[in-house]
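One structure is given below, encoded as C-alpha cells.
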Amino acid sequence: MAGVWYPARGVERYPAARWTSPAVARALLTAADFPADVAVAPLTAGHEGAPVRRTGGRLPVVVFSHGAHDHRADTTIVVQELASHGYVVITVDHTYDAFSEFPDGRLTVPLDRPALGPRDFATDIRFVLDRIEELAAGRNPDAEHRPLPAGLRGGLDPHRIGMFGWSKGASATAFVMSEDQRVRAGLSFDGPMQPTITTDLDRPFMLMTAEFPRATQPSVAEFWSRLRGWRLDVQAEGAAHSSYCDVQFLIPQLAQAVGMSDADLQSWIGTLDPTRAVRIQQAYPLAFFDLHLRQRRGHLLDGPCSAFPEVKFNP
C-alpha cells in the first residue's frame, strides 16, 4: 500500500483524510501495549480525492520509507508540510514489516520471520519509482485501476525525486540511492545504516541523528565517509530515536490518557519538547528538499540558527 499526498484545491467537497485507518490504529495501540480503545486515529489536514493544485510546471516528488515494525503514516507531520509547499509525497507500507490495511479490509502486521532488511525495503521503493514514472507519463498505476484525483496523472516530475526514511527506512534510502540514479537527494531520520554501506554516493545526503550518531555508530561514520557530494549532519539536542516522527507529538497525548509516568514518557520521546520537535520536522526537511530539488537556497542549512537553538551541526 502507498499513500499519495499533494497540494490540493477545492477541498471543501472532499472528506478529511484520517492519519491511518481505525483497524491499523487499534493494531498499533495493541502492539505498543496501550488499550486498543484509548484513542482514535486523528484526522489530518488532507482531503481524500481532491484535485491537484498546480501553479506552474510538474511537481517535485519525495518518497518516504518507514522504520522496522512501523507504518507509512508515521511522519505525517513532515509529509503534510512538504505537500503544502508543492511536493507530491509518496508514503510506502513495506508489507509484512508494516501495520497496513488493504482496500478489501485485509490487515497485515509486521512479522519477525522472515524479517525484511533495508535492501528489501529498497526493492519496494524501486518498484514504487517505476509507478511514479507511470504517473508522470499520464498512466494510472493503481492496482485496481481506481480513478485518480484530477491533475495527478502527468503532474509529477520524474527528474526531481527525493527520498527520506526513518530508522530502517533511512538505511533503505541510502541503499536506493546507491542503486538507482532516479533519486537525486536523500535524508535520514536517525538511520543506523546497517548493513554497512560500502559504496560511494555523489548526490546530496543529510543526516538528522539522535540515537545513531556518527560518534558512536561505526556504520553511520562509514556511510558518512562515503558521501562525496553535498552532505550535512545535524542533531536535535534531547532527541530520542522517534523524535523525528509523529510519535513525538502523539505519545504525550496518549500518556495523559493512560497515566504514563514521566520516566516512561521520556523513554519514548526523550527530553526534546514535542512542540519544538514539530517545528524542526517541518523546517529542516523542507529546507533540504527545496535546496536540492528546487534550487531554492535559504540559510537554515548554513549553520546554527537562533530560531532552532536545539539543532546542532556536526562537522
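The figures here come from the full heavy-atom set of this structure, side chains too, leaving out hydrogens, waters and symmetry mates. Each residue takes its place number in the sequence, starting with 1.
Side-chain contact, Asp124 with His94: a donor N or O sits under 3.5 Å from an acceptor N or O. Defined by atom type and a distance below 3.5 Å, a donor-acceptor pair is missing between the side-chain atoms of Asp97 and His66. Residues His85 and Asp290 bring no donor and acceptor atom of their side chains to less than 3.5 Å of each other. With 3.5 Å as the limit, one finds a donor-acceptor pair spanning the side chains of His299 and Asp302.
Here the side chain of Ser100 pairs no donor or acceptor atom with the backbone of Thr95 at under 3.5 angstrom. Asp142 places no side-chain N or O within donor-acceptor distance of the main-chain N or O of Leu148, the cut-off being under 3.5 Å. Of the possible donor and acceptor atoms, one in the side chain of Arg184 sits under 3.5 Å from a partner among the backbone N and O of His159. With Gln281 contributing its side chain and Val78 its backbone, the two residues share no donor-acceptor pair below 3.5 Å. Looking only at distances, no side-chain donor or acceptor of Arg296 sits under 3.5 Å from a matching main-chain atom of Leu293. When atom types are taken as modelled, the side chain of Ser242 and the backbone of Cys245 share no donor-acceptor pair closer than 3.5 angstrom. A donor-acceptor pair under 3.5 Å links the side-chain atoms of Asn140 to the main chain of Arg146, judged by distance alone. Distance alone, capped at 3.5 Å, places no donor-acceptor pair between the Thr196 side chain and the Ser219 backbone. Judged purely by atom type and a 3.5 angstrom limit, Asp120 uses its side chain to pair as donor or acceptor with the backbone of Gly117. At least one donor-acceptor pair closer than 3.5 Å links the side chain of Asp273 to the backbone N or O of Thr275.
Two rings, from His241 and Phe212, have their centers less than 6.0 Å apart.
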Step-by-step side-chain contact (heavy atoms from CB on, under 4.5 Å) determination, Val247 to Trp268: CA-CA 8 Å; Val247 163; Trp268 275 93; 3.8 Å; yes
Ring pair (Phe, Tyr, Trp, His ring centres under 6.0 Å) assessment of Phe205 paired with Phe223: CA-CA 10 Å; Phe205 206 99; Phe223 174 67; 4.8 Å; yes
Verdict with supporting geometry, His292 and Trp230, ring pair (Phe, Tyr, Trp, His ring centres under 6.0 Å): CA-CA 9 Å; His292 296 295; Trp230 188 100; 4.4 Å; yes
Step-by-step salt bridge (charged side-chain N to carboxylate O under 4.0 Å, His left out) determination, Arg119 to Glu179: CA-CA 10 Å; Arg119 290 187 182 277; Glu179 300 165 354; 3.4 Å; yes
Test log, rule side-chain contact (heavy atoms from CB on, under 4.5 Å), inputs Leu29 and Val38: CA-CA 8 Å; Leu29 289 167; Val38 72; 4.0 Å; yes
Derivation and outcome, side-chain contact (heavy atoms from CB on, under 4.5 Å), residues Leu156 and Leu152: CA-CA 7 Å; Leu156 281 62; Leu152 193 60; 3.9 Å; yes
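A cation-pi geometry, defined here as NZ or CZ lying under 6.0 Å from the six-membered ring centre and within 45° of its normal, holds between Arg294 and Tyr87. Both cation-pi conditions hold for Arg131 and Phe127: the charged atom is under 6.0 angstrom from the six-membered ring centre and inside a 45 degree cone around its axis.
In this structure, Trp224 is not a member of the same hydrophobic cluster as Phe288, with clusters built from ILVMFWY side-chain heavy atoms closer than 4.5 Å. Note on Val89 and Met163: separate hydrophobic clusters, where clusters join Ile, Leu, Val, Met, Phe, Trp and Tyr whose side-chain heavy atoms are under 4.5 Å apart, directly or indirectly. The hydrophobic cluster containing Val183 also contains Leu201, counting ILVMFWY residues as joined when their side-chain heavy atoms lie under 4.5 angstrom apart, directly or transitively. Connection of Val109 to Phe102 is not established within any shared hydrophobic cluster, with ILVMFWY side chains joined at heavy-atom distances below 4.5 Å, either directly or through further cluster members. Hydrophobic cluster membership is shared by Leu82 and Tyr244, with clusters built from Ile, Leu, Val, Met, Phe, Trp and Tyr side chains linked at under 4.5 angstrom.
Taking both residues in full, the closest heavy atoms of Ala136 and Arg58 are given as O-NH1, 3.1 Å, listed atom of the first, atom of the second, then distance. Of all heavy-atom pairs spanning Ser171 and Ile197, the tightest one is O-CD1, 4.3 Å. Contact detail for Ile125 and Phe64: the closest heavy-atom pair is CD1-O, 4.5 Å. Contact between Ala27 and Leu107 at its shortest, heavy atoms only, is CB-CD2, 4.2 Å. Here the shortest heavy-atom pairing between Leu129 and Val176 reads CD1-CG1, 4.3 Å. Closest of all the heavy-atom pairs between Met1 and Arg72 is CB-NH1, 3.5 Å.
One finds the CD atom of Glu81 at 13.0 Å from the CH2 atom of Trp5 (value rounded to the nearest 0.5 Å). Here CZ of Arg106 is found 8.5 Å from OG1 of Thr108. Values are rounded to the nearest 0.5 Å. With values rounded to the nearest 0.5 angstrom, Thr76 atom OG1 is found 14.0 Å from Arg18 atom CZ. Expressed to the nearest 0.5 Å, how far NE2 of His71 lies from OG1 of Thr20 amounts to 6.5 Å.
Using a 4.0 Å cut-off between charged nitrogen and carboxylate oxygen, Glu133 and Arg182 count as a salt-bridge pair. Residues Glu237 and Arg276 are not paired through a salt bridge, judged by the lack of any N-O separation under 4.0 Å between the basic side chain and the carboxylate. Between Asp70 and Lys168, no side-chain nitrogen of the basic residue sits less than 4.0 Å from a carboxylate oxygen of the acidic one, so the salt-bridge criterion is not met.
With a 4.5 Å cut-off on side-chain heavy atoms, Phe289 and Phe164 count as touching. In this structure the side chain of Leu227 never reaches within 4.5 angstrom of the side chain of Asp202, judged on heavy atoms. The shortest distance between side-chain heavy atoms of Phe313 and Asp233 does not fall below 4.5 Å. Put simply, the side chain of Leu207 does not reach to within 4.5 Å of the side chain of Asn314, judged on heavy atoms. Here the side chains of Ile90 and Val62 are not in contact, with every heavy-atom distance at 4.5 Å or above. Put simply, the side chain of Asp190 reaches to within 4.5 Å of the side chain of Glu211, judged on heavy atoms. In this structure, the side chains of Phe34 and Leu28 stay at 4.5 Å or more apart for every pair of heavy atoms. The shortest distance between side-chain heavy atoms of Ile280 and Met208 falls below 4.5 Å.
With a 6.0 Å radius and a threshold of 12 heavy atoms from other residues, nucleotides or ligands, Tyr96 has its OH atom at or below the threshold. The number of heavy atoms from other shown groups lying within 6.0 Å of CZ (Arg139) is above 12.
By the side chain to side chain donor-acceptor pair (under 3.5 Å) test, Arg226 pairs with Asp200, Glu222, sequence neighbours left out. In this structure, the side chain to side chain contact (heavy atoms under 4.5 Å, CB included) partners of Pro195, at least two apart in sequence or on a different chain, are Pro118, Phe175.
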